[in-house]
Each structure stands twice: as structure tokens, then as C-alpha cells.
**Q** 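Input: one structure, supplied below.
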Amino acid sequence: MEWLTAPFEVAFVQRALWAGVLVSAICALAGTWVVLRGMAFLGDAMSHGLLPGVAIAALLGGNPLVGAVVSAAVMTAGVTALGRTPRLSQDTGIGLLFVGMLSLGVIIVSRSQSFAVDLTGFLFGDVLAVRESDLLLLAVALLLAMVVSVLGHRAFLALAFDDRKAETLGLRPRVAHAVLLGLLALAIVATFHIVGTLLVLGLLIAPPAAALPWARGVSGVMALAALLGATSTFGGLLLSWHLSTAAGATVSALAVSLFFLSHLASAIRHRRRTHLSRSAAGPVHTPTTRPNDI
């Protein structure tokens with residue numbers, strides 16, 4: 001069993017594991033609503049929309065996390081405002097913001113010739129470089145995400161299935177949507193420096209999507225998604241240690257693999273149940289028509 005425990009005897013791998021567990025919990029809270037509402041494209045757009053703020057902060061010698069918060073706020077406000085435009089679909093508005101923010105970030109990056117390493121870190125993250133201060137930040141982000149999820153659960157639930165029903169119940173769907181965007185932005189900002197913006201969607205979408213066929217209720221999906229995310233983190237770090245692969249990418253790839261395995265197992269279970277129900281019902285006798293009956 002030494003091959004199973006040896007990597008986690010190293011301090012930086014232990015921190016990476018704890019970071020992955022915290023990231024998985026945060027992403028489970030936000031990602032469940034992303035999956036239920038079909039907001040994967042929005043999550044992708046927001047994660048890449050952080051680039052201008054991160055680039056400006058890095059070039060000015062500031063904290064990239066602060067720049068990411070500013071960019072996330074701009075994206076959230078932009079998506080909310082464009083979503084109220086009657087002649088513009090939400091996907092179109094998100095796409096325009098996505099391209100605009102990403103283009104602005106690339107332009108800023110192109111003005112500096114020494115930003116390549118930081119850009120690589122932005123895109124792919126470095127889970128093995130997690131510090132104790134990062135763990136504290138993730139713990140605070142998780143606590144905040146839990147508070148928002150509990151307080152907004154009823155409104156989010158109504159919003160996920162019927163906007164008009166949410167308005168009828170007096171839940172103010174526009175405000176709930178803005179708060180939900182804030183929860184998504186919180187998850188992305190808090191985790192992008194751990195697994196990178198290109199890979200954050202792996203933990204944001206794959207575990208909740210994998211949990212859907214097996215969990216009952218939204219809370220069950222969140223709990224199972226957090227468990228699957230933590231499992232992906234443990235397995236990804238273990239594989240990356242022995243195979244000498246990129247840790248963040250391996251974690252994300254394993255999370256996506258668990259999604260496909262989950263839905264494959266769900267399809268097999270459904271097929272078996274269908275077969276058993278047909279067998280229990282017995283043979284189906286179809287009435288035959290004789291010429292004399294016509």
C-alpha cells in the first residue's frame with residue numbers, strides 16, 4: 001500500500017489534497033445549479049473573462065486575485081444587464097462578453113513580453129503550489145458559498161425549474177439570478193489559481209453531472225458531487241505522482257472520466273430494471289384476428 005500513501009506523506013501534496021477537497025465542495029455548491037440550469041457556457045465564459053483583471057493586476061505588481069474579483073464583478077454585472085435586453089438572447093450576450101473580455105485580456109498580455117509564465121499559471125493553475133494562506137482563503141470562500149446556498153436555496157430551486165413560478169411566489173427571480181451569478185463567480189475566483197481557468201469547469205460541472213442519476217434532491221446532488229470531486233482530487237494527485245503528469249489536468253480528467261462512468265452505469269441499471277420489469281409482467285399476448293371475425 002506504499003504506492004497509495006507515499007505521495008501524501010509530502011507536505012505540498014497534502015496541501016494540494018486539502019485544497020482539492022475544499023475546491024470540490026465549493027464547486028459542488030455552485031456547479032449543481034450550473035448543471036440544473038444549463039449554464040455551462042456561462043461558467044466557461046466567466047472563467048475566461050477573469051483574464052483582463054488578472055493581467056492588469058500582474059502587470060501592475062498587484063494581487064491577481066483582486067484583479068480576478070474585479071473582472072468577475074464586471075462579467076456578472078454585464079451578464080445581468082444584457083439578460084434584461086428583450087431583443088438579445090442570453091447566450092448571445094454571454095458570447096459577446098466572453099469574446100470581448102478574452103480579447104481584452106490577450107491584448108493586455110501581448111503588451112508584456114514577460115507574462116508567459118503567469119499566463120500559463122492562469123490557464124492551467126498549479127495545485128501543487130498551494131500555500132497555507134490559500135487553504136484559509138478557500139475555507140472562507142466555502143463558508144460564504146454555504147451561506148449563500150442555504151439562504152438562496154428556495155429561490156434558486158424555483159428559478160432552476162420555472163422563472164414565472166419563482167416570480168409568482170414572490171422570490172424575485174432577477175435578484176436570485178444575480179445572486180446565483182455571484183455564487184458562480186465566487187467559485188471560479190476562489191479556485192482558478194488552484195486548477196486554472198481551463199480546468200476549473202472539470203470540477204464545476206463533471207461531479208454534479210455525474211451525481212444527477214444517483215442522488216435524490218438538490219442537496220443530495222451537492223453532497224455526492226463534493227464526494228466525487230474529492231475522489232477525483234485524491235485519484236488525480238495519486239496518478240500524477242506516479243505517472244509524472246500535470247496534477248491539475250489529471251484531477252480534471254479523472255472528474256470527467258467519473259462522469260462518463262456514472263452515466264454508463266446509470267444506463268446499464270436502467271436497462272436491467274426495464275428487463276426485470278418486463279420479465280415480471282410476463283409474456284405479452286397480442287390478440288390475433290381470424291378471417292371469420294372480420
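Computed from heavy atoms alone, side chains included, the values below leave out hydrogens, waters and symmetry copies.
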**Q** Any chance you could measure Thr274, atom OG1, to Arg272, atom CZ, to the nearest 0.5 Å?
**A** 12.0 Å
**Q** Would you say Val140 and Leu144 make side-chain contact, with heavy atoms under 4.5 Å?
**A** no
**Q** Any side-chain heavy atom of Phe98 within less than 4.5 Å of one from His48?
**A** yes
**Q** What heavy-atom pair brings Ala141 and Leu186 nearest, and what distance separates the two atoms?
**A** O-CD2, 3.8 Å
**Q** Please round to the nearest 0.5 Å and tell me the distance separating atom SG of Cys27 and atom CG of Leu204.
**A** 5.0 Å
**Q** Taking atom CZ as the centre, does Arg131 end up with more than 12 heavy-atom neighbours from other residues, nucleotides or ligands that are less than 6.0 angstrom away?
**A** no
**Q** Would one find more than 12 heavy atoms of other residues, nucleotides or ligands at under 6.0 Å from atom NE2 of His242?
**A** yes
**Q** What I'd like to find out is whether the side chain of His177 reaches to under 4.5 Å of the side chain of Arg37, using heavy atoms alone.
**A** yes
**Q** Are the side chains of Trp3 and Leu238 in touch, meaning some heavy atoms are under 4.5 Å apart?
**A** yes
**Q** Does any N or O in the side chain of Ser149 come within less than 3.5 Å of the main-chain N or O of Ala145, such that one atom is a donor and the other an acceptor?
**A** yes
**Q** Under 4.5 Å between any side-chain heavy atoms of Met101 and Leu51, yes or no?
**A** no
**Q** Does a donor on one side chain sit under 3.5 Å from an acceptor on the other, for Thr245 and Thr250?
**A** yes
**Q** Looking at Gly49 and Ser71, what are the two nearest heavy atoms and their distance?
**A** O-CB, 3.4 Å
**Q** Under 3.5 Å, is there a donor-acceptor pair linking the side chains of Ser266 and Trp214?
**A** no
**Q** Quick one: are Leu128 and Leu237 in side-chain contact, heavy atoms under 4.5 Å?
**A** yes
**Q** Can you name the closest pair of heavy atoms from Ala255 and Ala206 and give their distance?
**A** O-CB, 3.5 Å
**Q** Could you state whether Val74 and Val99 fall into the same hydrophobic cluster, counting links through intermediate Ile, Leu, Val, Met, Phe, Trp or Tyr residues with side-chain heavy atoms under 4.5 angstrom apart?
**A** no
**Q** Considering only heavy atoms from C-beta outward, does the side chain of Leu42 approach that of Val34 to under 4.5 Å?
**A** no
**Q** Might you confirm whether atom CZ of Phe260 has over 12 heavy atoms from other residues, nucleotides or ligands at distances under 6.0 Å?
**A** no
**Q** Quick check: does any side chain N or O of Ser252 sit under 3.5 Å from a backbone N or O of Gly248, one acting as donor and the other as acceptor?
**A** no
**Q** For Leu180 and Trp33, run side chain to side chain contact (heavy atoms under 4.5 Å, CB included): C-alpha distance rounded to whole Å, both residues' side-chain angles, the deciding distance at 0.1 Å, then the answer.
**A** CA-CA 8 Å; Leu180 185 56; Trp33 300 114; 3.6 Å; yes
**Q** Taking all atoms of both residues into account, what is the closest heavy-atom pair of Ala226 and Ser24, and its distance?
**A** O-CB, 3.8 Å
**Q** Answer yes if Val54 and Val106 sit in the same cluster of Ile, Leu, Val, Met, Phe, Trp and Tyr residues linked by side chain heavy atoms under 4.5 Å apart, and no otherwise.
**A** yes
**Q** Check the pair Val127, Val251 against side chain to side chain contact (heavy atoms under 4.5 Å, CB included), reporting the backbone distance first and the verdict last.
**A** CA-CA 10 Å; Val127 69; Val251 170; 5.6 Å; no
**Q** Report whether Leu184 and Val148 are members of the same hydrophobic cluster (ILVMFWY, side-chain heavy atoms less than 4.5 Å apart, transitive linking).
**A** yes
**Q** Please report the interatomic distance CE(Met146) to CE(Met222), rounded to the nearest 0.5 Å.
**A** 10.5 Å
**Q** Which atom names give the shortest non-hydrogen contact between Val35 and Ala209, and what distance separates them?
**A** CG2-N, 4.1 Å
**Q** Of the options Leu183, Leu201, Leu50, which is the one that meets Ile188 in a side chain to side chain contact (heavy atoms under 4.5 Å, CB included)?
**A** Leu50
**Q** Between Leu157 and Met39, is there a shared hydrophobic cluster once you connect ILVMFWY residues whose side-chain heavy atoms come closer than 4.5 Å?
**A** yes
**Q** State yes or no: do Leu227 and Val218 share one hydrophobic cluster built from I, L, V, M, F, W and Y residues joined by side-chain heavy-atom distances below 4.5 Å, directly or via other members?
**A** no
**Q** If you measure from CG on Leu212 to CG on Leu224, what distance do you get to the nearest 0.5 Å?
**A** 9.5 Å
**Q** Hey, does the side chain of Ser240 reach the backbone of Ala247 with a donor-acceptor pair shorter than 3.5 angstrom?
**A** no
**Q** Between Pro207 and Leu228, what is the shortest heavy-atom contact and its length?
**A** O-CD1, 3.7 Å
**Q** Please report the interatomic distance NE2(His153) to OG(Ser219), rounded to the nearest 0.5 Å.
**A** 5.0 Å
**Q** Answer whether the closest heavy-atom distance between the side chains of Leu151 and Val147 falls below 4.5 Å.
**A** yes
**Q** Output, in order, the C-alpha distance, side-chain angles, deciding distance and verdict of side chain to side chain contact (heavy atoms under 4.5 Å, CB included) for Ile94 and Met46.
**A** CA-CA 9 Å; Ile94 293 172; Met46 290 192 70; over 6 Å; no
**Q** Please list every donor-acceptor pair under 3.5 Å in which a side-chain atom of residues 7-22 meets a protein atom from a residue at least two apart or in another chain.
**A**
{"residue": "Gln14", "atom": "NE2", "partner": "Phe8", "partner atom": "O", "Å": "2.8"}
{"residue": "Arg15", "atom": "NE", "partner": "Val130", "partner atom": "O", "Å": "2.9"}

**Q** Can you tell me how far the CG atom of Leu29 sits from the CZ atom of Phe156, to the nearest 0.5 Å?
**A** 10.5 Å
**Q** Side chain to side chain contact (heavy atoms under 4.5 Å, CB included), that's the test. Do Leu138 and Leu142 meet it? Break it down for me.
**A** CA-CA 6 Å; Leu138 288 173; Leu142 176 58; over 6 Å; no
